[in-house]
Amino acid sequence: MQRNILVTSALPYANGPIHLGHLVEYIQTDIWVRFQKLRGNRCIYVCADDAHGTPIMLKARELGITPEELIERIGREHQDDFAAFGIGFDNYYTTHSQENRELSELIYERNREAGHIDSRTIKQAYDPDEGMFLPDRYIKGECPRCGAADQYGDSCEACGATYTPTDLINPVSVISGATPEERESLHYFFRLQDFETMLKDWARSGHVQPEVANKLEEWFQEGLREWDISRDAPYFGFRIPGTEDKYFYVWLDAPIGYMASFRNWCERHGEDFDAWWDADSDTELYHFIGKDIVYFHALFWPAMLHGAGFRKPTRICAHGFMTVDGAKMSKSRGTFIMAHTYRNHLNPEYLRYYMAAKLGSNVHDLDLNLDDFTQRVNSDLVGKLVNIASRSSGFITKRFDGRLAGELPAPEIYREFVARGEQIAEAYENREFSRAVREIMALADQANQYFDEEQPWVLARDESTLPQVQAICTQTLNLFRVLMVYLKPVVPGIAAGAEAFLNVDEQNWQSVQAPLLDHAINRFQPLATRVERAQVDAMIEESRETLAPKTDAPDTSGPLADDPIGDTVDIDTFARVDLRVARIREAARVDGADKLLRLSLDLGGETRTVFAGLRSAYAPEDLQGRLTVMVANLAPRKMRFGVSEGMVLAAGPGGDEIFILEPDSGARPGMRVK
RNA sequence: GGCUACGUAGCUCAGUUGGUCAGAGCAUCGCACUCAUAAUGCGAGGGUCGGUGGUUCAAAUCCACCCGUAGCCA
């Protein structure tokens with residue numbers, strides 16, 4: 001029976017380009033969708049740009065254009081990248097659409113009528129210069145617990161404390177630099193707690209992965225709380241009906257964007273939208289998302305839908321993040337790779353294959369190991385798979401005028417290949433792509449073994465055994481055809497090349513039931529070429545050049561824009577800061593502190609203990625023995641872990657981008673820096 | 001800090017309910033072959049399954065604690 005399946009990927013935010021981390025999700029989703037279509041199911045894949053919110057409003061202002069112009073421009077870039085990676089959306093739309101406005105209002109109104117919306121006045125930080133309320137991430141100040149400078153309004157990256165912006169010491173608006181005031185404002189809330197019973201039942205009945213269900217259990221135990229769904233003007237989004245200056249929070253209309261994109265598709269294809277979204281619809285709804293947005297998709301989203309009388313998702317499929325060579329993607333290391341940079345150097349089909357070879361149905365992170373990538377693509381795709389056609393087609397073309405034999409010499413092997421298709425299909429269906437790829441490659445090994453055992457190149461030397469050569473190659477090419485169909489969801493481009501070579505129409509899962517016999521094929525041309533490590537290196541180099549912190553002209557989005565040069569000070573003020581060269585004698589992690597390292601600094605006659613927030617960027621052993629610069633006359637500060645007797649100088653925004661200062665060779669501990 | 005996961009050969013990963021579970025691919029080494037994009041086939045070496053305790057006749061597999069890694073804390 002044909003299934004009707006609606007599939008979504010999370011909406012990319014319209015303020016920056018697509019990178020390899022994004023692509024894990026779109027490639028995973030696309031493989032599943034292509035598999036469903038290949039199996040003969042009706043599967044519609046929709047997505048959209050997530051176009052609303054404060055960051056987009058501010059980014060547009062920074063660029064001197066309207067938000068509409070910004071999201072239009074970014075949307076085009078996104079779609080261009082997706083097309084290059086073979087992501088076959090049935091519809092790609094934007095959340096800034098009439099359909100989305102109508103559906104957002106409808107879902108809100110229905111929930112409000114059912115009593116699931118509250119409103120009340122809350123206090124919030126307000127930027128008097130900009131005339132706007134400030135999200136937590138747009139306020140910075142000193143951590144109230146450990147005193148670390150330059151921390152965001154919601155949590156401290158140095159000590160991990162969480163708090164509200166009003167707790168910050170010396171808070172400033174990131175936008176204007178003004179000191180935020182506390183002001184009152186009326187906000188609207190979605191009563192998530194009304195849906196507790198329904199959500200528990202839903203979460204426990206197989207709609208999410210086990211790991212996700214565990215996480216949801218934890219949230220249930222903490223108790224569900226209402227969710228603030230409104231934001232004050234100015235805001236780029238949809239105004240809440242019945243208000244003058246309140247807007248829907250971007251996360252309210254983002255998932256509704258899935259519906260809106262689908263409605264847009266329905267209108268253009270004459271499809272009945274309601275049949276897919278009514279509470280009792282028998283269609284399936286799959287959402288592929290990253291593990292970071294489970295809360296929105298497995299709690300808020302089903303609750304909102306339920307409250308508005310719509311159907312709930314069939315399945316939430318969460319995946320992990322991508323790392324490169326075992327570490328978080330890093331701009332300075334060149335491993336923060338944009339989709340566009342990748343395709344300047346490498347074939348997108350290879351990334352699809354590599355990801356498929358490592359993706360399971362779990363939420364584990366996926367590591368792109370660059371050496372492994374190169375070897376795996378060359379070995380599996382070129383050496384094993386494509387090689388089957390390459391090594392057998394020459395005989396057919398040269399000796400038999402491109403014609404396959406009339407029957408298979410080993411039909412039992414062919415039947416086994418066909419039979420194995422069900423296990424492979426099951427793996428695809430359960431999103432166990434790595435298992436599917438393993439099975440396909442095991443069959444590819446079998447095909448190569450068959451060819452080796454039969455030794456057609458020996459038989460070709462004798463006229464009398466020539467018919468056997470044709471039979472063997474016919475068998476081998478038929479095995480190749482089966483394998484290409486099985487791998488078609490992963491590498492659609494290579495599969496299309498194989499179809500052209502085999503001179504057949506577009507293949508589907510059923511096509512392999514009957515072998516290709518007494519049939520003319522085309523001359524073989526390389527369907528995939530080997531990857532050279534130099535290509536990978538060139539890609540990394542380009543990433544580094546494009547994204548590493550720049551030192552030249554001021555950039556509208558560079559460090560100077562984010563953190564403008566401070567007020568002028570006179571030389572005497574500066575001279576009061578006593579900077580000294582110090583050697584790092586010891587560096588060690590601090591138990592209980594995620595961000596800190598304990599450093600023993602030799603000042604040439606005196607040793608100081610300093611706690612520095614370097615752990616996210618440096619391993620202790622990398623620091624030992626190095627020279628650096630410290631503030632030697634900073635007042636000691638008592639911390640939870642001991643007293644810090646100074647401060648080490650470092651640059652960078654944080655995370656893995658922290659760079660300690662190091663004097664030129666020849667400097668000795670204790671020397672003054674001036 | 002709390003929580004959710006993860007830590008198995010040099011690398012990337014499989015290992016359903018505890019009992020041929022110590023495996024695969026790649027890499028390395030040897031042999032064979034020459035049809036093929038130096039591709040393929042056969043074979044070999046390599047791991048006290050993060051650490052320490054515990055439960056059990058039996059643990060990579062269950063429990064506790066510790067170490068390391070990632071993410072979440074609305």
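Small disclaimer: the values here were computed from a predicted structure and weren't measured.
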Exercise for the section: Determine yes or no for a side-chain-to-main-chain donor-acceptor pair under 3.5 angstrom, with A:Asn362 supplying the side chain and A:His364 the backbone. Expected result: yes
Completion exercise
Scoring nucleotides 37-47 of chain B by protein non-hydrogen atoms under 4.0 Å (B base, S sugar-phosphate only, - none) yields B-SBSS-----
Problem - Under 4.0 Å protein heavy-atom contacts per nucleotide of nucleotides 7-18 of chain B, with B for base, S for backbone only and - for none - result: ----SSSSS---
Handout entry: With sequence neighbours excluded, residues passing side chain to side chain contact (heavy atoms under 4.5 Å, CB included) with A:Asp194
Key = A:His116, A:Arg191
Practice task
Give one of base, sugar-phosphate or nothing for A:Lys215, where a contact means two heavy atoms less than 4.0 Å apart.
Solution key: base
Practice task
Could you measure between the two C1' atoms, the one in B:rC66 and the one in B:rG23, and give it in whole Å?
Solution key: 29 Å
Handout entry: Whole-angstrom distance between B:rU8 and B:rC13, as gauged at atom C1'
Key = 9 Å
Exercise for the section: Identify whether any heavy atom of A:Arg461 sits under 4.0 Å from a base atom; if not, whether one sits that close to sugar-phosphate; answer base, sugar-phosphate or nothing. Expected result: sugar-phosphate
Practice task
Could you pull out all residues at least two apart from A:Asn387 that satisfy side chain to side chain contact (heavy atoms under 4.5 Å, CB included)?
Solution key: A:Ser390, A:Arg391, A:Asn448
Handout entry: Rounded C1' spacing from B:rG71 to B:rC62 in Å
Key = 26 Å
Problem - ring-ring contact (aromatic ring centres under 6.0 Å, His included), paired with A:Trp202, selected from A:His306, A:His297, A:His207 - result: A:His207
Completion exercise
So the stems of RNA chain B, runs of at least three Watson-Crick or G-U pairs (under 3.5 Å), are B:1-7 with B:67-73, B:10-13 with B:23-26, B:28-32 with B:40-44, B:50-54 with B:62-66
Practice task
Please report, rounded to the nearest Å, how far the C1' atom of B:rC35 is from the CD atom of A:Gln470.
Solution key: 16 Å
Exercise for the section: Look at all strands and tell whether A:Phe451 reaches a base, only sugar-phosphate, or nothing, counting heavy atoms closer than 4.0 Å. Expected result: base
Problem - Rounded distance in Å between the P positions of B:rC63 and B:rU16 - result: 14 Å
Handout entry: Integer angstrom distance from the P of B:rG1 to that of B:rU55
Key = 30 Å
Practice task
Kindly say whether A:His19 contributes a backbone atom to a donor-acceptor pair with the side chain of A:His22 at under 3.5 angstrom?
Solution key: yes
Problem - Qualifying salt bridge (charged side-chain N to carboxylate O under 4.0 Å, His left out) pairs, either residue in residues 196-208 of chain A, two or more places apart - result: A:Glu196-A:Lys200, A:Arg204-A:Glu217
Practice task
Return yes when atom CZ of A:Arg523 has more than 12 non-hydrogen atoms of other residues, nucleotides or ligands closer than 6.0 Å, and no otherwise.
Solution key: no
Problem - Span that lies between the P atom of B:rC65 and that of B:rC73, in whole angstrom - result: 25 Å
Handout entry: salt_bridge(A:Glu211, A:Lys215) N-O dist < 4.0 Å
Key = no
Handout entry: A:Arg231 to A:Tyr247, cation-pi by 6.0 Å centre distance and 45° axis angle
Key = no
Problem - is_close_aromatic(A:Phe300, A:Trp227), centroid dist under 6.0 Å - result: yes
Practice task
Under 4.0 Å between any heavy atoms, over every strand shown, what does A:Gly223 touch: base, sugar-phosphate, or nothing? Just pick one.
Solution key: base
